[in-house]
Each structure stands twice: as structure tokens, then as C-alpha cells.
Protein chains: 2
Amino acid sequence: MNVNEAIQLLKDKGYKYTGKRVDMLEFFADHDRYMTAKEVLEGMKTTYPNLSFDTIYRNLSLFADLGILETTELSGEKHFRFLCSREHHHHHFICLHCGKTKEIDTCPMISLDGELDGYTISGHKFEIYGYCNQCVH
Amino acid sequence: MNVNEAIQLLKDKGYKYTGKRVDMLEFFADHDRYMTAKEVLEGMKTTYPNLSFDTIYRNLSLFADLGILETTELSGEKHFRFLCSREHHHHHFICLHCGKTKEIDTCPMISLDGELDGYTISGHKFEIYGYCNQCVH
DNA sequence: AAGGTATTAAGAATGATTACGATTTACTCA
DNA sequence: TGAGTAAATCGTAATCATTCTTAATACCTT
């Protein structure tokens with residue numbers, strides 16, 4: 001997923017092309033890590049001093065619905081990042097300090113061996129938390 | 001973990017023995033599933049009509065700190081349940097409708113094969129979401 | 001039984017998120 | 001190209017879960 005793909009997806013779905021949406025997408029492209037709504041707002045304050053909460057939250061949730069962003073919840077706050085890949089299923093190591101991620105190709109679902117026969121599975125989450133090399137001290 | 005073990009743990013750590021704490025623990029023993037603070041509050045309102053949410057939240061977080069309860073975050077709300085076992089590491093299938101769980105013995109951390117060499121790991125989360133037999137429709 | 005301390009109730013405060021009415025902007029199609 | 005229309009945005013108020021504050025109460029030790 002990149003900015004152009006995301007903009008194309010917005011157009012295809014009939015959503016409008018606005019400078020703020022483009023800048024939000026570029027902000028995510030430039031910051032390859034999980035970020036909170038507040039961080040996005042802060043990061044865009046320089047170009048749009050009067051940007052409102054509503055715009056950020058509405059677009060974050062729109063982008064997440066469209067599969068442009070992926071989300072996770074860290075210490076009670078939603079975090080967002082550009083979706084790594086649509087094709088390739090994987091999980092993440094997440095740095096609890098800076099939000100940077102590392103892809104983990106191991107998916108535990110393939111080795112369940114019928115442990116959940118008879119249950120309806122709608123999703124799963126596998127995340128590893130810790131600190132990256134830059135953030136350990 | 002059961003009610004008596006939990007009460008003993010509270011005493012050993014110097015915490016006081018109060019009827020509300022005992023009833024909270026019994027409420028968890030009687031409801032073997034993930035519940036929100038609000039559900040616990042509602043469930044205890046019959047015996048303690050004036051129970052304040054502060055009491056609930058304070059004790060929930062105390063119990064979680066002492067390892068009496070385990071917690072997870074589902075759709076933005078903290079959920080609590082009696083800790084299944086101290087010895088035996090495992091994960092959960094969680095019913096998104098009723099909060100009931102099923103233990104999963106597969107832990108993906110053992111098959112990482114050095115994918116995270118050089119990273120400092122502080123924790124991990126593996127949960128499977130869906131619906132149990134009673135809640136599918 | 002009394003004193004010291006932990007616990008509690010009641011409500012106010014916080015922080016993240018959502019909702020709202022008014023205004024502005026982007027797209028459509030004549 | 002230029003209204004018309006629907007969506008997007010702003011500014012702010014409302015909401016929801018959770019935490020904090022203060023004063024009163026309950027538990028435990030002696």
C-alpha cells in the first residue's frame with residue numbers, strides 16, 4: 001500500500017480528494033510505525049494549524065475501513081499504520097516506545113491441529129511487544 | 001486460582017478482608033468468562049446497591065496486579081476473568097458475544113526460530129476471536 | 001474497646017473518541 | 001464553465017471508560 005494506491009482506492013469508492021487526506025496518507029508513508037490519532041494531529045499541525053479532531057478521527061477510521069491502514073490497541077489507545085501488504089499474511093513485533101514494527105512470518109493459526117473444532121473463528125491477533133535496538137536503554 | 005487462594009493472597013500481602021472483595025471474587029468464580037467493569041458492577045448491584053465504580057475499578061486493578069485476574073482489551077474496553085492457571089502457559093479463544101474462553105495450548109513463541117534476534121521482547125499476545133456454540137446464530 | 005490505616009462512596013476530573021450544527025469545499029452535469 | 005449538491009471540515013459540545021479527590025467508614029491490631 002502506498003499513497004497513490006490509497007488515493008486511487010478513495011476515488012474508486014467515491015470519496016473526495018482533499019489535500020488533508022493526501023497529507024494524512026503521506027504522513028503515514030513518511031512514518032513507518034504505529035501512531036496514535038494525537039501524533040497524526042500533531043504532525044499535521046504545522047501545515048494545517050486549525051485541523052480539527054473530527055477530521056483526523058473520521059479519516060483514520062475511514063482509511064482503516066477501506067484497508068488502507070491497519071490498527072492495534074496499545075495501552076488503551078488506538079494506533080494506526082500503513083497496511084504492510086494485502087497479499088502476504090503476517091504478524092508484528094511492535095516497539096512499545098517508538099511504535100516501529102518488524103514483520104513476523106510465523107502464524108500460529110496453521111498449527112492449531114483442530115483445537116477449535118466446532119468453534120466459529122472470526123479473527124485472531126498475534127503480536128509481540130518489546131523494544132527495538134534504538135529504544136533499549 | 002480460586003476464591004480461597006485469592007483471599008489468602010490478599011491477606012499475605014497485607015490487604016484487608018472486606019465483604020465486597022470476597023463477593024467480587026465469588027462473582028468471578030461464578031462467571032467463568034471475560035467481563036467488563038460495568039458487568040461486574042451490575043452483577044453486584046443487587047447485594048450492594050450503592051457500590052461505586054471506583055471500588056470496582058480499584059479492586060479489579062489490584063486483583064490484576066496480584067495475578068488473581070487476567071485482563072484483555074476487547075473493542076476498547078478492559079475485560080477481566082479469573083486467571084486460569086499460574087503454572088501452565090496458554091492462550092485463549094474468546095467468544096466475542098459472551099466472553100467465554102477456551103484454552104489454546106499452542107504458543108507461537110516457541111517456533112520463532114530467531115526471527116527476533118537482537119530485539120528485546122517483553123511480552124506477547126495471541127488470541128483467537130469468534131463465537132462459541134451457544135452464541136452462533 | 002480505641003486508634004491507626006486501608007477501604008469506600010460520591011462525585012468531579014481526565015483523556016480518548018464520537019457527535020453535532022454551521023460553513024466550506026470538491027465533484028457533477030448541464 | 002458555473003451553479004447545484006453532497007461530502008468534508010471546523011469548532012465545540014457530548015459521551016464513554018477510567019482515574020482522582022476528599023471525607024467518611026470499616027477492618028485489624030493491640
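First the proteins, then the strands, lettered A, B, ... as listed; each starts at 1.
Looking at A/Asp105 and A/His89, their side chains never bring a donor and an acceptor atom within 3.5 Å of each other.
Between B/Lys78 atom NZ and C/dA16 atom C1' the separation is 13 Å, expressed in whole Å. The CD atom of A/Glu77 sits 12 Å away from the P atom of C/dT18 (whole-angstrom rounding). Following rounding to the nearest Å, A/Phe80 (CZ) and C/dA16 (P) show an atom-to-atom distance of 13 Å. Rounding to whole angstrom units, NZ of residue A/Lys38 and P of C/dA16 are separated by 3 Å. Distance, B/Leu60 CG to C/dT7 P: 15 Å, rounded to whole Å. When the P atom of D/dA7 is taken as reference, atom NZ of A/Lys13 falls 16 Å away, rounded to whole Å. Rounding to whole angstrom units, CD1 of residue A/Ile7 and P of C/dA26 are separated by 14 Å. Going from atom CG of B/Leu41 over to atom P of C/dT8 covers 13 Å, rounded to whole Å.
For B/Asn59, the listed nucleotide lying nearest its side chain is C/dT8; candidates were C/dT8, D/dT18, D/dT9. Checking D/dG11, D/dA8, C/dT18 against the side-chain heavy atoms of A/Tyr57 singles out C/dT18 as nearest.
Side-chain N/O atoms of A/Asn50 and base N/O atoms of D/dC10 include no donor-acceptor pair closer than 3.5 Å.
The side-chain tip of B/Lys125 does not point at the ring of A/Tyr129 from less than 6.0 angstrom away and within 45° of straight on.
Checked for salt-bridge contact, A/Glu26 and A/Arg21 miss the test: no charged N lies under 4.0 Å from a carboxylate O.
Between B/Pro108 and A/Thr106, the closest heavy-atom pair is O-CG2, 4.5 Å. The two atoms that bring B/Ile56 and B/Met24 nearest to each other are O-CE, 4.0 Å, heavy atoms only.
The 5' end of DNA chain D is approached more closely, in terms of each residue's nearest nucleotide, by A/Pro49 than by the other of B/Ala37 and A/Pro49. Comparing B/Phe53 and B/Tyr48 by the nucleotide of DNA chain C that holds the closest heavy atom to each, the one mapping nearer the 5' end is B/Tyr48. If you find the closest nucleotide of DNA chain D to B/Lys11 and to B/Ser61, the one lying nearer the 5' end belongs to B/Ser61.
A/Glu77 places no side-chain N or O within donor-acceptor distance of the main-chain N or O of A/Leu74, the cut-off being under 3.5 Å. Listed for the A/Arg81 side chain is no donor-acceptor partner under 3.5 Å among the backbone atoms of A/Glu70.
Listed pair A/Arg58 / D/dT9 meets the phosphate criterion, a side-chain N or O lying under 4.0 Å from OP1 or OP2.
Within residues 14-35 of chain A, the residues approaching DNA chain C are A/Lys16, A/Tyr17, by heavy-atom distance under 4.0 Å.
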